[in-house]
Protein chains: 2
Amino acid sequence: MDNPLIVRFRRQCHLDAADVDRIDYLCTDVRDVPRGVNLVREGERVERIHLILSGWAARYKLLPNGSRQITALLLPGDLCDLRCSMLARMDDGIVALTPIHVAFVPPDAITRLERTWPSIAHALSWYCLVEQATTRAWIVNMGRRHALERVAHLFCELSTRLAVVSDAPDQPPHFPLTQEEIADALGLTAVHVNRVLHELRRREFITSRRGGLTILDLPGLKEMAGFNDNYLHPAMAMPTEAALG
Amino acid sequence: MDNPLIVRFRRQCHLDAADVDRIDYLCTDVRDVPRGVNLVREGERVERIHLILSGWAARYKLLPNGSRQITALLLPGDLCDLRCSMLARMDDGIVALTPIHVAFVPPDAITRLERTWPSIAHALSWYCLVEQATTRAWIVNMGRRHALERVAHLFCELSTRLAVVSDAPDQPPHFPLTQEEIADALGLTAVHVNRVLHELRRREFITSRRGGLTILDLPGLKEMAGFNDNYLHPAMAMPTEAALG
DNA sequence: CGTAGGTTTGAGTCGGGTCAAGAAATGTGG
DNA sequence: CCACATTTCTTGACCCGACTCAAACCTACG
């Protein structure tokens, strides 16, 4: 299977065959992590960057009162903690939501590539930009949308991101998320997510089974959420000569 | 007055006198922008990075229904759109919340510094890391805290950030924010923010006047919000030799 | 002054939270 | 292959925090 990080990069940035090899070479140390295991725990010192190759993970933060907020859902091709080597301790944890394949990448290796190859530095800058834009889109979602549109918006985002790295692009998007995970990602309760999903099922926007759901009507969800995929920058945009030096 | 970006960098990263000069040299084109003016409007193509030298600004997004969500408050020393040159069009707007001084910096100049001087590249990586962590802290705040603690948490964050770049560190922190701006930053309504501020005033945590408020009891607010300043990384952390290459 | 932007307050509503109990899958060990 | 435990989902009744709408009130400023 193709390296999903490279698939994503090539959508946005010019990488030649040698660049691709250099990135591929980072993914030597690949491991299987079962569902529910923490790749990183809050407060730990971690000296490796994680690249999700398959499966889903979540970045989360626990509050003193025991509640959890998921701050990012991590799909294949997502890098976790690109700059972790600058931190004495991680600010938050990362859990596997499904069994996953992860590459453990030494931060120095990335720093070296970045410093040597402008095209790779450019790709990583792009990566940071999209990551930031996604995080901000979550703020907008939580701050200014009601539960129904909020859930719909998340599903649109995930469908769009998944489409880029999916091995089965013809299948309707499927999310291996429990209702509690959706709730923790959106600042809702699991009970209320249940009622929202019930409504979405009633309107035939989705189907759901224990531990996962499938999108039936993505255009419908997009309209409901007022979804605009700009912030994910799924379209092609090549670097200028100046930016590449 | 000292360049607030340099003040921030020197807290976290090693920069020698030459590095400082190089950064200072970026801030040649300084402009005054009155309150209420948009530095950037959503959908525009913008070919300059903004560095706030004094005053407050906000990054925001407007929704079709007319509501606004502020996704970041920008204080002196904050860079807006570090990677803007990679974008065909900005995903969101930036307004001056007070009269501000801004340096207009050409993206190429930063790219060149970054590529040439590892210590500056390191400082900018650090900057991105803290920016991301702050954005994620906002998600947690909006997702899992009630209005009172949510407001308190924002005030703690702003006090902490301001302390680093304040010209009057002995004065109690003062925020030139309207209640509507606070509401738009926190996913609340102005009416409800008014009631929360009333309560904070009653408990003598703050005082407020038209168009601004002052913190009286920061420790009290921190306790109320369960505030932990880790994510802002206000403490010193020097780069490793490896990271600097 | 007059006006516009900002603040304050009240009354009523509603979206989503809380609590609690039960049902349906899934997994585990004998 | 069955008995039992666990996780996840579902549903109902009730409640409360925050929103809405509306009116009045400041206060800075032109």
Side-chain angles (χ1 to χ4, degrees), chain A residues 34-37 56 58 63 65-70 95-99 141-154 175-202 206-214 224, chain B residues 34-37 56 58 63 65-70 95-99 141-154 175-202 206-214 224:
Chain A
R35 185 199 142 133
V37 169
W56 290 42
L63 282 91
N65 66 22
S67 63
R68 176 176 76 161
Q69 177 65 44
I70 290 176
V95 230
L97 300 180
T98 68
N141 204 26
M142 298 177 65
R144 290 290 181 244
R145 270 192 277 262
H146 286 187
L148 193 66
E149 309 111 61
R150 202 185 293 183
V151 170
H153 195 276
L154 177 67
F175 310 150
L177 295 170
T178 66
Q179 298 182 359
E180 188 171 4
E181 285 156 2
I182 296 170
D184 286 349
L186 293 173
L188 299 168
T189 56
V191 172
H192 200 246
V193 166
N194 182 285
R195 294 195 238 265
V196 168
L197 293 186
H198 182 84
E199 176 67 11
L200 290 176
R201 241 180 285 129
R202 195 186 63 73
I206 64 168
T207 58
S208 72
R209 271 179 303 296
R210 183 193 178 73
L213 58 93
T214 304
M224 167 180 279
Chain B
R35 186 200 141 132
V37 168
W56 289 44
L63 281 91
N65 66 22
S67 63
R68 176 175 75 162
Q69 177 66 44
I70 290 177
V95 231
L97 300 181
T98 68
N141 204 27
M142 298 178 64
R144 288 292 181 243
R145 270 192 276 263
H146 286 186
L148 192 66
E149 310 110 61
R150 203 186 293 183
V151 171
H153 196 277
L154 177 67
F175 309 150
L177 295 171
T178 67
Q179 297 180 359
E180 190 171 2
E181 285 156 2
I182 296 170
D184 286 348
L186 294 173
L188 299 169
T189 56
V191 172
H192 200 244
V193 166
N194 182 286
R195 294 194 237 265
V196 168
L197 293 185
H198 183 84
E199 175 68 11
L200 290 177
R201 242 181 284 129
R202 196 186 63 72
I206 64 167
T207 59
S208 74
R209 271 179 303 298
R210 185 192 178 72
L213 59 93
T214 305
M224 168 181 277

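Below, read A as the first sequence line, B as the second, and so on, with proteins coming before strands; counting in each chain starts at 1.
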What string of B, S and - do you get for nucleotides 23-30 of chain D, 5' to 3', if B is base contact, S is sugar-phosphate-only contact and - is no contact with any protein heavy atom under 4.0 Å? ---BB---

At what angle, to 10 degrees, do the two end axes of the helix from C:dC1-D:dG30 to C:dG30-D:dC1 meet, given five pairs define each axis? 50°

Would you tell me if any nitrogen or oxygen in the side chain of B:R35 comes within less than 4.0 Å of OP1 or OP2 on C:dG6? yes

Would you kindly give the CG-to-C1' distance between B:L97 and C:dG5, to the nearest whole Å? 15 Å

For A:R144 and B:L63, indicate whether the former's side chain and the latter's backbone hold a donor-acceptor pair under 3.5 Å. no

To the nearest Å, give me how far apart CZ (A:R209) and P (C:dA23) are. 23 Å

For A:S67, what residues pass the side-chain hydrogen bond (donor to acceptor under 3.5 Å, both in side chains) criterion, not counting sequence neighbours? A:N65

Can you check whether B:A185's main-chain N or O pairs, donor with acceptor, with B:R68's side chain at less than 3.5 Å? no

Taken to the nearest whole Å, CG/B:L177 to C1'/C:dG5 is 16 Å

With a 4.0 Å limit, can you tell me whether B:H198 has a side-chain N or O closer than that to the phosphate oxygens OP1/OP2 of C:dT8? no

For residues B:H192 and B:A147, report the shortest heavy-atom separation together with the two atoms involved. CE1-CB, 3.4 Å

Under a 3.5 Å distance rule, please check whether B:T98 uses its side chain to pair with a backbone N or O of B:W56 as donor and acceptor. yes

Under 4.0 angstrom between B:N194 side-chain N/O and C:dT7 OP1 or OP2: no

Side-chain N or O of B:Q179 versus OP1/OP2 of C:dG5: is the shortest distance under 4.0 Å? no

With rounding to the nearest 0.5 angstrom, report the NE2 to CG distance, B:H146 to B:L188. 11.0 Å

Atom CD of A:E181 to atom P of D:dT8: distance rounded to whole Å? 7 Å

Less than 4.5 Å apart, side chain to side chain, heavy atoms only: is that true for A:L154 and A:R150? no

Residues two or more places apart in sequence or in another chain: which of them pass side-chain hydrogen bond (donor to acceptor under 3.5 Å, both in side chains) with A:R202? A:E199

Option passing side-chain contact (heavy atoms from CB on, under 4.5 Å) with A:L213 (candidates A:T207, A:L200, A:I182): A:I182

Any B:R209 side-chain heavy atom under 4.5 Å of B:T214 side chain: yes

In whole Å, I'd like the distance from the CZ atom of A:R202 to the P atom of D:dT11. 13 Å

Those residues that, when tested against B:E149, pass salt bridge (Lys or Arg N to Asp or Glu O under 4.0 Å) (two or more places apart): none

Show the distances under 3.5 angstrom between N or O atoms of the protein and N or O atoms of nucleotides 14-21 of chain D.
{"from": "D:dA18", "atom 1": "OP1", "to": "B:A147", "atom 2": "N", "distance (Å)": "2.7"}
{"from": "D:dC19", "atom 1": "OP1", "to": "B:T189", "atom 2": "N", "distance (Å)": "3.4"}
{"from": "D:dC19", "atom 1": "OP2", "to": "B:T189", "atom 2": "N", "distance (Å)": "3.3"}
{"from": "D:dC19", "atom 1": "OP2", "to": "B:T189", "atom 2": "OG1", "distance (Å)": "3.0"}
{"from": "D:dT20", "atom 1": "O4", "to": "B:R195", "atom 2": "NH2", "distance (Å)": "3.0"}

